[in-house]
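Read through the structure below, which is laid out as structure tokens, and then see the notes.
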Amino acid sequence: MSIAEAPEETKPAPAPGAGHEGQTFLVGDEVYLRGPEEGDAKVGMSWRPTLFPVAPELTEEWIKDDLAKDDNATLLILRKSDDRVVGSLKIDNEGIDHWLEPKVDALYGERGLRWKAEAILLVTHWLIHERGQPVVFLDQPADEGVVIEVIEGAGMRRAACFREMLARDGGRVDRLLYEYLSPEWMVALGDPNDAPLERTGSGEPRPVPPPVTLDGDPPRNAMMVGKRVYLRPEELSDGVKTALLARQETETFFDIGRYLTSPVMLEKWLKDHEKPDLPSWITFAVCLRENDEPIGWVALLDVDYQNRFAETGSFFGNVAYRGGGYGSEAKQLLLEYAFERLGLHMVQSWVYFQNTRSAAALRKQGYREAGRINWLYPNKGTLDNFVLFDLLAEEWRAMPRQEWEAKADS
Amino acid sequence: MPELATKTEEPKTPVPGTGHLGQTFLVGDEIYIRAIEPADSAYGQSWTRTILPRSTERYEKWIKEEMAKAKRQATYIILRKSDDVAVGSFTTRRWDPVTQVMPWVDPLYGERGQQWLAQALEMAVPWLVDEQQRPIVKIHVAAEQQAVIARLNEIGAFETVRFREMLRTWGGRTDQLLFEYLNRHWVDRLGDPRQVPLERSGTGEPRPVPAPVTLDGDPPANAVKVGQRVYLRPVEKKDTAQISLWSRQETETFWDAGRWMYSTHGYAAHETELQKKDPQTTVDFAVCLRETDELIGTMGLFGVDYVHGFAETGSAIARPEYRGGGYGSEAKHLLFDYAFNTLNLHALQSFVIFPNTRSAAALRKQGYKEAGRMHWAFASFGTYENFICFDLLASDWRQMPRVDFPAADEEPRI
């Protein structure tokens, strides 16, 4: 009795259903998991996480080149009864946290969802109860009732709900975030849900500034123009300024402390992100209309063109222009770009728990709390949390339009 | 006589407003048109036909490296006469007898910008056709560009195609229009192509969509979408040899301008290149029979535009014995399912040459609506041949009735 051998030494094919024999872990009732082998390329469309058709020859290359180099483990989900590959589960590990990215061939319908749930539980149990990891996360479409029932039954906890994030047959479906926390770590650190989220500000959204009609010419290369600021593409030369401002930073609460960045890194980062025909990161420099001075950036991160959502992010390196509503004005221009020009259906945003100021700004801009991600990074002797937000295009469109009084922001 | 503005190698800044002096053509009241210069990258975001931001450095690289290498394609800059600021552009793509013109003006100039663009096209279109003697120019316009449309009509261009809701515009969607401008010498020679009748066969009525199939057993290996009798899977290397062989055995000549012959290696290299892209902008599928896993043809999406959310569809059932009988249409609805439900596209389009009434009839049955005609697309039997254009909206397709399994067809279709 032995684990099926690698295909280099081609032996007579093992009897179907014998593939899991001798394997001591990650074997369930209906499915088991193992690493990818070259031969799995033949059924690549069942498990490769792509929307696009790819020939087995190219998937084989991908297994040998890309997958082999990937720091994150991708495990295949096989049916025990006949060793058929029905899906995969990628474990995206950033150190503390493990994100599960399962894919089961949609053509298996309800059965496939059952297998997906089983694979999620096998891997979660293994990571938490054998490998002693603190937390496992799972992004779960809300319309897969079969999976939700199983994972909730096994103690996974719903931590967030991003509304209408996914496109389905002409409609929209929520995307849920599930967490599974280690009992040992829970003893050590306490239940993170007991950590209260501190909120500042009124929490009330403010009206959106109405679109600006330009009397004269738009600023050079501007794409979105507000009353005091405008958005233009970032330029490679902006990196020098950004790096200098980082060295002059006075606040430590935005993130976990300050960062130093190199202009060389920023230049490479921008070059890489603007290279694809369809960029998934869209960054704008925020400039003052009165003197074209860049004061920060706003961005759409990980734009999903199929589901039409993105994460928003922003940073104002120039301390003099924090407060005073410059950031919110720029964010409203970014939202108009995201919803009215790119046609996104929704955006989401993540904020460090201790960064109450950014969270308050998001609420003012119209975002709603979507939940939290617990235990994502080490901070002051514990694992700390993020608060999550979302905002739908239709909600943003329905917000009142009104000129801002000068200096209304805190 | 004043001199033309010097090239940017010697970076003396010319006096603003002198850029057009001495230029003898394509100079209007408010704007003028010239070829791209490297310094135009400074205004790249303003004149490039895109809503995605790119750095000045990236535009400069594009001008020097990519644009300079482009074949049969040229980009012209539209500049304001008063201060030589670049406000827009148009790109021409030439494939004789056709020249496509893709115009753009920075939307932040609002109505002024549209007037400048109208003026630019008023000069450029007759220049391309009446001076350079190109047989036909096709201008791509969004339905909301009223000033441009009015001016095109004034100069004798005419609307010939309307693709519904194809473009994303500021705050919603708008139709994509094609305007044509014909060379009068060629009209004298060949007659007005608008008078060429379009022959239609079939009822023209859409048929119900085959309902989604619930699989009892396992799906075919590597399948992406599965129907009652056929399924779609990626095109593999072995398929390219098969299709190349079948291309040599083709009996019908009416699909296209005669038959085509494929090279196995050329086809395989092409497939590899497009499958390696992510996202794929050409998405090709092999159409296979569920019963035997035999390949019967290919089908795909071309020019997928993920910003605007549309693509062109195309298909070829390579095995004559599976033409007619509804195999092609069954597969096409699987492709629609992929385009609308997996890729979440908003609209599809399709083009068929006039003599290929059979494919046009199939498209109508599949739910496509006629969007107009594109004239003089290629040389054929002593004249230039025309295309009939179709479009299909996701919302239309979703509303079509579903039936469990369509009855066999009385007439052949693809």
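Chain naming here is simple, since letters A, B, ... match the order of the sequence lines and numbering starts at 1 in each.
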**Asked** Picking from A/Arg232, A/Glu274, A/Glu267, what satisfies side-chain hydrogen bond (donor to acceptor under 3.5 Å, both in side chains) with B/Ser55?
**Response** A/Glu274

**Test item: B/Leu215 and A/Tyr108 side chains (from C-beta on) under 4.5 Å apart, heavy atoms** = no

**Asked** Is the backbone N or O of A/Phe52 less than 3.5 Å from a side-chain atom of B/Gln280, with the two atoms forming a donor-acceptor pair by type?
**Response** no

**Item:** Minimum-distance pair of heavy atoms, taken over all atoms of B/Asn222 and A/Val43
**Value:** OD1-C, 3.2 Å

**Fill in**
When the 4.5 angstrom heavy-atom criterion is applied to A/Ser237 and chain B, the contacting part is both

**Item:** A/Pro53 to B/Asp284 - nearest heavy-atom pair and separation
**Value:** CG-O, 3.4 Å

**Asked** A/Leu58 versus chain B, heavy atoms under 4.5 Å apart: side chain, backbone, both or neither?
**Response** side chain

**Top contributor to chain A interface from B/Thr50, B/Thr56, B/Thr281 [non-hydrogen pairs under 4.5 Å]** = B/Thr56

**Request:** Name the option with the most non-hydrogen atom pairs under 4.5 Å to chain B; the candidates are A/Leu342, A/Asp238, A/Asp277, A/Val86.
**Result:** A/Leu342

**Asked** Considering all heavy atoms of both residues, which atom of B/Tyr306 and which atom of A/Tyr305 are nearest to each other, and what is their separation?
**Response** O-CD2, 3.8 Å

**Message:** Within this structure, what is the CD-CZ distance for the pair A/Glu235 and B/Arg58, rounded to the nearest 0.5 Å?
**Reply:** 14.0 Å

**Message:** Is A/Phe339 close to chain B through its backbone or its side chain, or both, or neither, when contacts mean heavy atoms under 4.5 Å?
**Reply:** neither

**Message:** Which one wins on heavy-atom pair count under 4.5 Å against chain B: A/Leu270, A/Ile282, A/Leu278?
**Reply:** A/Leu278

**Prompt:** Which residues in residues 268-276 of chain B have a heavy atom less than 4.5 Å from any heavy atom of chain A?
**Reply:** B/Thr272, B/Gln275, B/Lys276

**Request:** Measure A/Asp82 against the heavy atoms of chain B and call it side chain, backbone, both or neither at under 4.5 Å.
**Result:** side chain

**Request:** With a 4.5 angstrom heavy-atom cut-off, could you sort out which part of B/Tyr43 is near chain A: side chain, backbone, both or neither?
**Result:** both

**Prompt:** Less than 4.5 Å apart, any side-chain heavy atom of B/Trp170 and any of A/Pro211?
**Reply:** no

**Message:** Can you tell me which portion of A/Lys271 sits under 4.5 Å from chain B's heavy atoms? Options are side chain, backbone, both or neither.
**Reply:** neither

**Prompt:** Which heavy atom of B/Pro234 sits nearest a heavy atom of A/Met45, and at what distance?
**Reply:** CG-CG, 3.3 Å

**Asked** Among B/Gly110, B/Pro219, B/Ser46, who wins on heavy-atom pairs under 4.5 Å with chain A?
**Response** B/Pro219

**Prompt:** Less than 4.5 Å apart, any side-chain heavy atom of B/Pro107 and any of A/Arg341?
**Reply:** yes

**Message:** Counting heavy-atom pairs closer than 4.5 Å to chain B, which one of A/Arg220, A/Arg111, A/His273 comes out on top?
**Reply:** A/Arg220

**Fill in**
Heaviest contributor of heavy-atom pairs below 4.5 Å to chain A, chosen from B/Val85, B/Val283, B/Val307, B/Leu232, is B/Val307

**Prompt:** Any side-chain heavy atom of B/Leu108 sitting closer than 4.5 Å to one from A/Val225?
**Reply:** yes

**Request:** Would you mind telling me which of A/Ala285, A/Ala167, A/Gly343, A/Pro276 has the largest number of heavy-atom pairs within less than 4.5 Å of chain B?
**Result:** A/Gly343

**Message:** If you count heavy-atom pairs within less than 4.5 Å of chain B, which of A/Ala106, A/Ala393, A/Ala55 leads?
**Reply:** A/Ala55

**Item:** Pairing residues for B/Gln399 by the side-chain hydrogen bond (donor to acceptor under 3.5 Å, both in side chains) criterion, not counting sequence neighbours
**Value:** none

**Request:** Heavy atoms only, distances under 4.5 angstrom: which of A/Arg168, A/Arg397, A/Glu336 has the most pairs with chain B? Name it, please.
**Result:** A/Glu336

**Message:** Between B/Ala42 and chain A, with a heavy-atom cut-off of 4.5 Å, which part of the residue counts as in contact: side chain, backbone, both or neither?
**Reply:** both

**Message:** Taking side chain as everything from C-beta outward and backbone as N, CA, C, O, which of these in B/Glu236 sits under 4.5 Å from a heavy atom of chain A? Side chain, backbone, both or neither.
**Reply:** both

**Prompt:** Under a 4.5 Å heavy-atom cut-off, does chain A meet the side chain of B/Lys61, its backbone, both or neither?
**Reply:** neither

**Item:** Heavy-atom proximity to chain B below 4.5 Å, by part of A/Arg308
**Value:** side chain

